[in-house]
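As the structure is a computational prediction, the values presented were derived from the model and not from experiment. The residues of the chain are indexed from 1 along the displayed sequence.
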Amino acid sequence: MIDPRNVLVLIRGNPHSPWRDETRSIESFEDGPSRIAITFATKYQAKPSKTYYFGRSRVAVCTPGRAVPIPPQHLLYVGGAPRQEAGLEVVQFNGPEGALCKVFWTDRAGVERSDLCGAEEVEIVPDATACSPRSAAVLQYFREIVEAKDADEDPIVSAYRTLDFVHPESALARYMAASPLEPHEAPAVRVVPFRSNLSQQKAIDQALTYSTSIIEGPPGTGKTETILNLIANIVVGDLGSVAVVSLSNTAVDNVREKLHEYGFGHIVAQLGNKNKREAFFAEQAAHHEAAAEFVQQAPAAPAPAYIAELGRRVQRLQAAERERAETRALLAEYELEQEHFERHRDHEASIDVDRLPSLRRPTSRILEFLAETAIESELDRRPGLLTKIRKLFKYGRMPDIDPDDVEVVLAFQSSYYQRRIAELRLRVAELDQELAGTHFDDLVEERQQRSLEAFAASVASRIAGDNRPVYTPDTLANPKSFRAFVRDYPVVLSTCHSIRRNIPAGYLFDYLIIDEASQVDLLNASLAMSVCRNLVIVGDRNQLAQISKVPEGTGPAPAPEYDYGEQSLLSSVRLLYGDDAPSTLLREHYRCHPTIIGFCNRAFYDGELIPYTSADGRVAPAMRVQPTVRGNHMRQHRGGGKSNQRELDVVLQEVLPVAPSGVGPDDIAFAAPYRQQITKAKTQLSDQIDTVDTVHRLQGRQKPMVVLTTVLSETWQGERGLRFVDDPRLINVAVSRAIDTFVLVTNFERLPKSQYVRDLIGYIEYQYPDEIIEPSNVVSVFDLLYRDYEERLAPLAARLDSTAQYRSEESIRVLLGDILDKPQYGHLRAKSQIFLKNLVPPDTVLTDEQAAFVRRTSSVDFVVYNVVTKLPLLVIEVDGFAWHENNPAQLRRDALKDSILEHIRLPLLRLRTTESGEEARIRDALATAESVYAGKLRD
């Protein structure tokens with residue numbers, strides 16, 4: 001018998017398979033001058049062998065064969081599918097039409113079998129963990145955690161045991177090795193069959209350009225539409241297969257429902273758990289019928305160049321639309337700040353500055369005048385003749401105007417607000433006119449419709465229609481049939497831990513989208529990442545994350561990025577790649593009342609969101625604080641948890657009776673941090689409120705009206721609960737569930753030791769000063785005014801003075817900026833050269849000397865304030881030796897300033913240039929200032 005590993009005999013067959021391997025059944029052959037005699041062994045040993053004669057042109061003899069080794073920790077792929085049978089061997093021959101490989105294996109009966117294929121179909125792939133010690137350490141750490149779990153209770157255990165090989169081209173291999181995220185070429189034309197904006201289009205571009213990308217989707221910013229448009233571009237661009245997964249089936253239901261709504265339901269395979277798979281295969285007849293009808297009705301694909309031109313035109317107009325939304329939001333902020341400013345100076349003497357030429361010029365001139373005169377006053381300089389002439393040409397005549405008089409400054413500031421608001425209103429009107437004249441809405445609809453046609457035409461060209469095969473669960477295990485399956489069903493939905501058992505072993509999706517990634521732990525994430533080449537992570541770091549506990553006895557994580565107890569997939573990848581991570585924040589917000597999303601925007605998104613919603617026609621106020629009567633009403637339950645009956649009474653007696661007109665039980669959600677409170681609430685509120693649940697379970701849902709109770713009281717037990725209740729992600733989720741109305745029910749003291757609840761209350765009080773139950777006498781920082789003022793002041797100060805005093809202030813400015821950039825100070829900002837008068841609340845009783853000092857243009861070097869509530873927390877003064885310590889007159893002014901700040905209970909930190917340790921002193925002062933602020937709330 002000829003050894004098939006040494007000799008390969010190929011006999012020409014039919015036209016579709018020109019060479020047929022007969023080596024397995026050949027006992028011998030004789031190579032004659034004109035023909036070859038081949039003796040075949042019969043299948044049954046009792047029958048004799050037979051000899052056949054073939055012309056030389058019909059036979060090719062390949063010899064000798066070359067064994068191809070399969071090293072340890074490598075996997076053999078044939079035709080893109082892994083082979084893991086027993087006794088695998090590969091022998092390569094030089095065939096008449098190129099290299100051939102014969103793959104040998106042993107079947108379950110112990111019989112050796114073989115397959116013949118082209119050498120290009122054979123690939124020996126190393127396990128990614130064999131190539132990277134870092135990867136091996138990460139996977140070992142994950143496996144230790146999995147093995148410590150209960151296999152009967154956690155499905156992750158059985159799923160993880162199938163992860164015995166990590167393909168080096170997978171997203172998991174890149175993640176564990178921290179490989180660079182290099183860009184690659186993406187299709188030139190984008191389609192947007194679903195609603196789209198500039199941020200979403202940028203997110204799609206990055207997802208198609210990088211092997212791993214992040215889409216940060218805050219509430220109401222169109223995360224689902226972004227995923228749908230990404231899927232459409234993958235299908236239209238013929239970029240391969242795509243799957244969408246998350247921690248639960250519920251999280252991907254929005255994708256399925258939207259595709260069904262637009263008539264693409266027949267391209268979705270929702271596999272997930274066993275019930276989902278069975279339901280999918282049971283409904284194939286309906287899928288086939290829908291597919292056949294879809295193919296018959298599918299439109300012709302529009303010209304790509306036409307879609308591209310539409311895209312360019314729409315994007316130009318969307319830039320104008322975004323500017324209009326930003327300008328409207330800024331206008332609303334200025335109008336509110338002006339209202340507070342005018343409240344601050346209600347009882348001040350009026351100065352008539354309307355006649356001044358400078359106030360008929362752009363607002364930048366007003367700021368320059370204020371900045372220049374402030375610096376001259378601070379340096380105690382009086383302008384000479386040339387300076388006066390320059391000012392005359394720059395600002396116009398200033399008869400009887402004393403720039404050192406704070407009333408003059410306040411009048412100029414008031415005029416600045418008026419002019420700035422007028423400029424913004426004019427710009428909004430210009431953008432309205434620009435967009436109205438372009439038929440913008442029609443153009444957007446045209447682009448979306450043509451994109452839908454391109455998507456439909458692409459789907460119709462790839463699915464089988466009437467000839468669509470009937471797939472079975474076995475399809476999911478067969479690589480060849482699975483490729484046909486994802487051609488007919490290009491969108492696969494599943495859960496992170498189920499995706500591996502829903503596809504053939506070793507299969508890699510071209511794209512995998514992981515939704516709600518802030519809730520996906522690293523074990524589930526790694527299972528999902530193991531089955532894809534390109535990864536798109538969609539989530540929001542500022543919403544509630546997963547709760548993962550590292551089992552006792554587990555070793556430390558190989559690096560902080562892979563810490564199972566601390567990181568979600570989203571936070572892990574961001575920590576791993578830092579600023580190099582291709583990340584897009586979806587900025588355009590379409591859901592909540594602008595005041596509601598305004599809190600989330602300031603508190604959690606650094607002001608990056610752009611509200612496209614309007615307050616017009618909505619109930620006011622959109623947000624309200626309803627405290628209980630004084631007393632400790634929280635109860636600690638023996639079995640764990642907390643509740644507060646008095647807060648429920650307030651909801652029943654004071655909140656629901658004044659709910660906005662037209663808001664019924666189906667429109668209201670009641671939320672609380674604790675399950676015990678929810679248990680109580682369901683028995684008392686269920687007939688008046690449709691949705692009663694914990695904040696965690698409300699994530700991903702929304703209602704016109706949301707009522708949140710904090711439960712806690714000012715006891716030691718209540719203070720222990722602050723860490724849980726005052727979680728920024730919990731507060732963000734709770735507030736952003738409300739579309740039109742948000743009501744906070746809390747204790748009488750309003751949790752002064754909290755940070756985010758306290759900021760929420762302060763924000764509501766700032767937005768609706770006439771609605772608060774107990775008006776505060778603390779004046780706010782005029783954030784917008786001083787932001788604009790500071791931009792003019794800094795370069796001017798550098799030109800006017802280069803002494804050590806201003807260099808020292810600049811160094812403190814840099815240091816203060818570095819400190820406030822840290823996450824724990826994310827709610828704080830600093831402004832420089834704020835007038836003392838703007839920090840003193842109206843009707844404050846001062847001594848004559850103090851009042852005279854405040855009436856001059858006295859300022860402080862820096863004010864640290866809360867960016868959410870606009871309330872000042874800390875004043876910082878920088879004292880140079882020559883200007884302060886060695887100047888008796890300045891020391892008297894400093895003492896007077898100190899006494900005023902002490903009188904209004906605004907903490908002060910003086911930093912002398914002759915001292916050191918500024919960073920530690922600033923941090924200590926900030927901690928003390930926060931405590932003082934909490935004390936003010938208690939008072």
Run the side-chain donor-acceptor check on residues 524-533: report pairs under 3.5 Å with partners two or more places apart or on a different chain.
unit_1: Asn524; atom_1: ND2; unit_2: Asp521; atom_2: OD1; d: 3.4
unit_1: Asn524; atom_1: ND2; unit_2: Asp521; atom_2: OD2; d: 2.7
unit_1: Ser526; atom_1: OG; unit_2: Tyr160; atom_2: OH; d: 2.9
unit_1: Ser526; atom_1: OG; unit_2: Leu522; atom_2: O; d: 3.0
unit_1: Ser526; atom_1: OG; unit_2: Leu523; atom_2: O; d: 2.8
unit_1: Ser530; atom_1: OG; unit_2: Arg500; atom_2: NH1; d: 2.8
unit_1: Ser530; atom_1: OG; unit_2: Leu527; atom_2: O; d: 2.6
unit_1: Arg533; atom_1: NE; unit_2: Glu169; atom_2: OE1; d: 3.1
unit_1: Arg533; atom_1: NH2; unit_2: Glu169; atom_2: OE1; d: 3.4

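Within a 6.0 Å radius of CZ in Arg487, other residues, nucleotides and ligands contribute more than 12 heavy atoms. Residue-environment remark: CZ (Arg134) exceeds the threshold of 12 foreign heavy atoms within 6.0 Å. Environment of NZ in Lys822: crowded, with over 12 heavy atoms of neighbouring residues, nucleotides or ligands closer than 6.0 Å.
Using a distance-only test at 3.5 Å, with no hydrogens or angles considered, no donor-acceptor pair links the side chain of Gln519 to the main chain of Gly539. Side-chain atoms of Ser498 do not come within 3.5 Å of backbone N or O of Thr495 as any donor-acceptor pair. In this structure, the side chain of His167 does not engage the main chain of Gly506 through any donor-acceptor pair within 3.5 Å. At distances below 3.5 Å, at least one donor-acceptor pair connects side-chain atoms of Asn732 with backbone N or O atoms of Asn542. The closest donor-acceptor contact from the side chain of Ser213 to the backbone of Tyr210 lies at 3.5 Å or more, if one exists at all. Using a distance-only test at 3.5 Å, with no hydrogens or angles considered, no donor-acceptor pair links the side chain of Arg501 to the main chain of Thr162. Formation of a donor-acceptor pair under 3.5 Å by the Lys680 side chain with backbone atoms of Gln676 is not found in this model. Using modelled atom types, one side-chain atom of Asn229 and one backbone atom of Phe194 make a donor-acceptor pair closer than 3.5 Å. Between the Gln717 side chain and the Gln636 main chain, no donor and acceptor come within less than 3.5 Å of each other. Remark: side-chain polar atoms of Arg541 are not paired, donor with acceptor, to backbone N or O of Arg574 under 3.5 angstrom.
Counting only residues at least two apart or on different chains, no side-chain hydrogen bond (donor to acceptor under 3.5 Å, both in side chains) pair has a member in residues 70-82.
Scanning for ring-ring contact (aromatic ring centres under 6.0 Å, His included) contacts around His696 gives Phe724, with sequence neighbours left out. Not counting sequence neighbours, the partners of Tyr175 by the side chain to side chain donor-acceptor pair (under 3.5 Å) test are Ser572. Qualifying side chain to side chain donor-acceptor pair (under 3.5 Å) partners for Glu561, counting only residues two or more places apart in sequence or in other chains: none. By the ring-ring contact (aromatic ring centres under 6.0 Å, His included) test, Tyr141 pairs with no residue at all, sequence neighbours left out.
Salt-bridge annotation for Lys223 and Asp515: present, with a side-chain N of the basic residue lying under 4.0 Å from a carboxylate O of the acidic one. Using a cutoff of 4.0 Å between basic side-chain nitrogens and carboxylate oxygens, Glu85 and Arg108 are not scored as salt-bridged.
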**Message:** side-chain hydrogen bond (donor to acceptor under 3.5 Å, both in side chains), that's the test. Do Tyr507 and Ser241 meet it? Break it down for me.
**Reply:** CA-CA 11 Å; Tyr507 181 83; Ser241 54; 3.0 Å; yes

**Request:** Please assess Arg675 against His637 for the test side chain to side chain contact (heavy atoms under 4.5 Å, CB included), listing each intermediate value before the final yes or no.
**Result:** CA-CA 11 Å; Arg675 286 197 180 97; His637 294 253; over 6 Å; no

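Considering only heavy atoms from C-beta on, Leu271 stays 4.5 Å or farther from Lys276 through its side chain. Within the 4.5 Å cutoff, the side chain of Asp510 has no heavy atoms near those of the Leu239 side chain. At a threshold of 4.5 Å between non-hydrogen side-chain atoms, the residues Tyr564 and Glu144 do not count as touching. Contact of the Asn644 side chain with the Leu712 side chain is not registered, since no non-hydrogen atoms from C-beta on lie closer than 4.5 Å. In this structure, the side chains of Glu608 and Glu216 stay at 4.5 Å or more apart for every pair of heavy atoms. For the pair Val255 and Leu228, the minimum side-chain heavy-atom distance is below 4.5 Å. For the pair Pro71/Ile124, a side-chain contact is recorded, criterion being any heavy-atom separation below 4.5 Å from C-beta on. Residues Gln567 and Leu576 form no side-chain contact, since every pair of their non-hydrogen atoms from C-beta on lies 4.5 Å or further apart.
Leu208 CG to Tyr511 OH: the interatomic distance, rounded to the nearest 0.5 Å, is 5.0 Å. In this structure, CZ on Arg587 lies 11.5 Å from OG1 on Thr221, to the nearest 0.5 angstrom. Distance check, rounded to the nearest 0.5 Å: CZ of Arg729 to CD1 of Ile731 gives 12.0 Å. Taken to the nearest 0.5 Å, the NZ atom of Lys149 stands 5.0 Å off from the CG atom of Asp154.
Aromatic ring pairs are classed by plane angle as parallel below 30°, tilted from 30° to 60° and perpendicular above 60°; the pair Tyr756 and His827 is tilted.
Between the side chains of Thr584 and Gln206, at least one donor-acceptor pair of N or O atoms lies under 3.5 Å.
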